[in-house]
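We name chains A, B, ... by the order of the sequence lines, and we start the count at 1 in each one.
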Amino acid sequence: MKDKINVLVFVFALLSTGLGSGLAWAAEGEEANEPSVGGDTATLSTTETLTPAAPTSILIAPVVNHSVDVDAPNIVLSTLPIPMAGRGYYVFPVNTTKIVLEQEGFYEAEVVHQQDPTALAALFGADAILYVVINRWEAQYIVLSTRVTVDFSYRLVSKAGEELWQANQILSYEPNQQNSNGAAGLIASLIVSAVENTSPRYLSLTEKANSTVFRRSPTGPYYVRGKR
Amino acid sequence: MKLLVLVAFVFVMSGCSRNLYDWGGYNDHLYDYYSDPSTADAFLISLEKHLAKIESAQGTPAPGLYAEVGTLYLQKGDEYQATQFYQKEHDAWPESRYFMATLIKSLNKRKDTE
């Protein structure tokens, strides 16, 4: 009985790495970690069903911004390639993408998001598009401290226009209040909140939102469990 | 039993610390570049150096990095180097081939009409 418990504990420890690894695409004929060069043409027998080809490459569209901070979309954009590639996809270079879209006349992220996904994907040869929207990106000054809040929406859409995955994440950060007595303590707190540079806070909240959300996103052909 | 749990834990954790690709601080440099476009040259140099290191170790370059170097060169007016790096991306990643071929073709066309 004791041996059985030992085995169970060991198996549980191994399985716990699998938790939150997300969905795996059940595409036919695809092996994990092997680059797919393109679909093979095959004749289907009447007993086979055609499953949609799993995406291997993702275009990260410029980020739509509903906040008043004009720097926010580029900051968020810079945080997306690494986690998205970590889910096992080829990710198109975001800076190159942005510049090419601008050359095509698409200067506004909103306009890019409104384009037909099939046409947009075809421009790059992408299998799917990641759309990210900043709903909130704000610092609220609450008496003696600053609360920083971010709120993002994520959508993964196939080149056929099918929504593959979507998520929403809201995160806030507010420093712990020190219980200081007297006027000196109050003034110190006011100074701290006034001079605090919120930029690193926004960045770390964004990265945390991404990692939380991508843990539940579908994985691609290059995904390796335990690696990011 | 405790030893077994510990061994399993170490086994599991040792896998979690490794990255799929070595990005060479790409996200930090990109952030800096977007915050201050005058850091374009530093961005280019750091990326190129990082990729040379990956090449000499015969490792896999992270997706898109070669192409980003190409675009930074293009913005400096160096179309030759841009083409070289777009070609490297093309060769390293099959998924990039359509896009890279399009960029290379348009650059070559520009060269021919000059």
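With values rounded to the nearest 0.5 angstrom, A:N74 atom CG is found 11.0 Å from B:Y31 atom OH. Atoms CZ and CG, on A:R228 and B:N19 in that order, are 7.5 Å from each other to the nearest 0.5 Å. Atom CG of residue B:L47 and atom CG of residue A:N95 lie 9.5 Å apart, to the nearest 0.5 angstrom. Rounded to the nearest 0.5 Å, atoms CG (B:L20) and CZ (A:R87) are 11.0 Å apart. From A:S78, atom OG reaches atom OH of B:Y26 across 8.5 Å, with rounding to the nearest 0.5 Å.
Within the 4.5 Å cutoff, no side-chain heavy atoms of A:S57 are placed close to those of B:Y98. Counting only heavy atoms from C-beta outward, the side chains of B:Y34 and A:I75 never approach each other to under 4.5 Å. Here the side chains of B:W93 and A:F92 are not in contact, with every heavy-atom distance at 4.5 Å or above. At a threshold of 4.5 Å between non-hydrogen side-chain atoms, the residues A:T79 and B:N27 do not count as touching. Side-chain contact between B:L74 and A:T96 is absent, with no heavy-atom pair separated by less than 4.5 Å. Considering only heavy atoms from C-beta on, B:E95 comes within 4.5 Å of A:Y222 through its side chain.
When each of A:L80, A:D71, A:I82 is scored by its heavy-atom pairs under 4.5 Å with chain B, the top score falls to A:I82.
Interface residues of residues 49-58 of chain B toward chain A, defined by a heavy-atom distance below 4.5 Å: none.
Using a 4.5 Å cut-off between heavy atoms, B:T102 makes no contact with chain A at all. Within the 4.5 angstrom heavy-atom criterion, no atom of B:L65 approaches chain A. For A:V100, the part lying under 4.5 angstrom from a heavy atom of chain B is the side chain only.
Closest non-hydrogen pair, B:S96 versus A:Y90, comes out as CB-OH, 3.3 Å. Residues B:G64 and A:P93 come closest through the heavy atom pair O-CB, 3.5 Å.
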